[in-house]
2 protein chains.
Amino acid sequence: MATASPGRPHPATGAWLPGDPVGSRRFFDFPRPMALDAGTTMAGITMAYETWGRLDADGSNAVLICHAWTGDSHVSGPAALGHPTPGWWEGVVGPGLAIDTERWFVVCINVLGGCQGSTGPASPHPADGRPWGSRFPVVTIRDMVRAQARVADHLGVRRWHAIVGGSMGGMQVLEWAITFPDRVGAIVPVATCTQSTAQQIAWGAIGRQAIRLDPKWRGGDYYDAADNDGPWEGLAVARQVAQVTFRSDNVFTDRFGRGLADGATHHDSLDLWQRFEVERYLEYHGDKLVRRFDANSYLIIGKAMELHDVGRGRSGLDAAMARIVAPTLVLGINSDILYPTYQQRQIVDLLRRQGTAAEYVEIDSPHGHDAFLINLEGVAPPIQHFLEHVGKDA
Amino acid sequence: MATASPGRPHPATGAWLPGDPVGSRRFFDFPRPMALDAGTTMAGITMAYETWGRLDADGSNAVLICHAWTGDSHVSGPAALGHPTPGWWEGVVGPGLAIDTERWFVVCINVLGGCQGSTGPASPHPADGRPWGSRFPVVTIRDMVRAQARVADHLGVRRWHAIVGGSMGGMQVLEWAITFPDRVGAIVPVATCTQSTAQQIAWGAIGRQAIRLDPKWRGGDYYDAADNDGPWEGLAVARQVAQVTFRSDNVFTDRFGRGLADGATHHDSLDLWQRFEVERYLEYHGDKLVRRFDANSYLIIGKAMELHDVGRGRSGLDAAMARIVAPTLVLGINSDILYPTYQQRQIVDLLRRQGTAAEYVEIDSPHGHDAFLINLEGVAPPIQHFLEHVGKDA
């Protein structure tokens, strides 16, 4: 099913994308411009995606997985050319696993605005071939989903057996089910919400300001810096804000406590820049992201999450959720401080109130929001069971 | 009891301290250098403080209030020369109030490292009269408390009837009771902890990096910038991180929801820099702090909180807390995400285990950590009752 569109150099000019830009990804170049929520149209869109397994003759076994903020299409598989890290849901997606690639035709698409092959701020602007940079428009979760629908058309997937995603992936899951109810058989939104809260917006806004504060961001037009320099420090600080909200107080205490980094003594600690272990950890995660992710994509995707509100323009939350007909499995995490479980229970309540089948499973984990990437033994079985059984009795 | 030490210009060179630098504050110039935990001694220390009421002839009615991160000595009283805002605990401290200044001799001292009259990074270095800037040493909560003890000596207060403080103020309260058990009659630590956790350190570290990221910080030596310019943007971002942790998810939702600032429409919101209401709120708080607080003081005091660990050098937490003999009232806030109530209950448990009288009152408030500054109707009565009755049956 993979497109014949040739691989080509990834448009990003930064240093965060080592190696072969193609790898196992496939690319689909949109033949037509796409209208955006911002009111403009975007020409020259390319979407990068990966697939696993085979689409049945009747096209009934397709499962779409939607990735989170800094994720990409590489759900499963080893680190390889074009993919500096193994699949982000290794252990959930693969032959014989919960999302069994021997049974399901699994698809994951890098989001519009991203930097792992799909068109984003680092991509060449069709008018002049130079990076979009500050010219890249704000996109919404709905824009991302509409772009994915074109990829589905391209792949010959008329209707997904199920769509699964966590965090921002879960926002896409909900928008898919609301926007294209006849194309979605079932949904599994994980650790996500119907609309971002003020606190979620606040965390995003602080990270955004950290990037802007970095003089190397240069208003978003840093791609032609002589030495590939960019707002890496600002991006790292932004990531650190997120990283704290992705985890939990008790796991930080268990892992780091008050330990000092670099074998420092107490006396060393009486220095403004001597790090505690938790700081070393945060800096590690900040640096790791900087090497693989574009700061402008971080901004654009982060803003899309803040704008996420399934009720917008649809006469409110209840009316929007009433459009969902797909049976739903919602997963929440009891230690999630970023997307607290009341947000997942709200999804279930709104769906049940209108008669849509919805079940809720709460993952018992100390790991906070990131548990959906960590506690696979809790996440995988309910998803597996749901994918196997949903629609059978309908 | 106020010292006769003359008022003098505040040493800060920035623009955040408008008006008369003296106001109702008094100043005490240390006649001798003070040894710091960092292993050095500091000469030329001045401490700024305020007092309310009169010290009894037997010196038995003195109550010390310890302020938090960006607080100062101005606990009570209107905005006035030298004090751009009213007292930070108006409604708790004053004639006829819970901490009754007609009954108690109330003292509050700006901490060492601060920027509201006590020696801090903006103060003149005794060697050359230029601001300490990057030369200012890291200080600890214990250093702050030892400096306060000298002010107590100066005021003729041999023993405090009680010491009260929230957040970083509560850290000082605990250190007072551990370091000077014979000088402390009773303590009221509020929304605080025995040692900072990894998560608390993480939030502090992120704010610290935001300030460093601001090129106008200049390694801490920004005081002689031609136009009084400084790392205000970095400080504002740091403050915003703190501000989110000071409040709560549900209050943010109730107050701001997903409202847009500046009367913006949905279409306006599709701009990377169009703000939601919560962003406007955070920026307001960031800007407000910038106008009244020095970035280097913010760094130094923040680091002191991260270094806070009553067990350090005292054979651990149990042994340190065993030094406390003062009857204790601990206040916690049920919605506090920064200093969760388990930290307050730990104080009570450690004290009771060794036979020290300790009671716990949990403030029921949606406002998060800042509730100790907001829900005065919850905070004031237990403090009033405790101050009146403690020591009576001893």
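Both backbone and side-chain heavy atoms feed into the values below; hydrogens, waters and symmetry mates do not. Within every chain, numbering begins at 1; the chains are lettered A, B, ... in the order of the sequence lines, protein sequences first and strands thereafter.
Between the side chains of A/S167 and A/H369, a donor-acceptor pair is found at a separation under 3.5 Å. No hydrogens or angles considered: nothing links the side chains of B/D349 and B/Y342 as a donor-acceptor pair under 3.5 Å. Side-chain contact of B/T253 with B/N250: a donor-acceptor pair under 3.5 Å is absent, judged by distance alone. Donor-acceptor pairing under 3.5 Å is recorded for the side chains of A/N296 and A/W217.
For a residue to count as touching a neighbouring chain, one of its non-hydrogen atoms must lie under 4.5 Å from one of that chain's; by this rule B/R312 touches chain A with the side chain only. Neither the backbone nor the side chain of A/P137 comes within contact range of chain B; no heavy atoms are under 4.5 Å apart. For B/E279, the part sitting under 4.5 Å from any heavy atom of chain A is the side chain, from C-beta outward, and nothing else.
Contact count against chain B (heavy-atom pairs under 4.5 Å) is highest for A/L272 among A/L36, A/L272, A/I337, A/V251. Among A/D214, A/D249, A/V237, the residue with the largest count of heavy-atom pairs under 4.5 Å with chain B is A/D249. Among B/V241, B/V139, B/T140, the residue with the largest count of heavy-atom pairs under 4.5 Å with chain A is B/V241. Comparing B/F276, B/W203, B/F256 by heavy-atom pairs within less than 4.5 Å of chain A, the highest count is held by B/W203. Of the listed residues (A/L282, A/I201, A/I300, A/D37), the one with the most heavy-atom contacts under 4.5 Å to chain B is A/I201. For the set A/Q195, A/Q200, A/E306, the entry with the most heavy-atom pairs within less than 4.5 Å of chain B is A/E306. Note: B/R212 leads B/Q243, B/R212, B/H267, B/R247 in heavy-atom pairs under 4.5 Å with chain A. Of the listed residues (B/A205, B/A38, B/G39, B/G313), the greatest number of heavy-atom pairs within a distance under 4.5 Å of chain A belongs to B/A38.
In this structure, B/R258 contributes its side chain and A/S196 its backbone to a donor-acceptor pair below 3.5 Å.
With respect to the salt-bridge test (charged N to carboxylate O, under 4.0 angstrom), the residues B/R280 and B/E277 qualify.
Note: A/Y281 and A/F252 have perpendicular aromatic rings, judged against thresholds of 30 and 60 degrees for the angle between ring planes.
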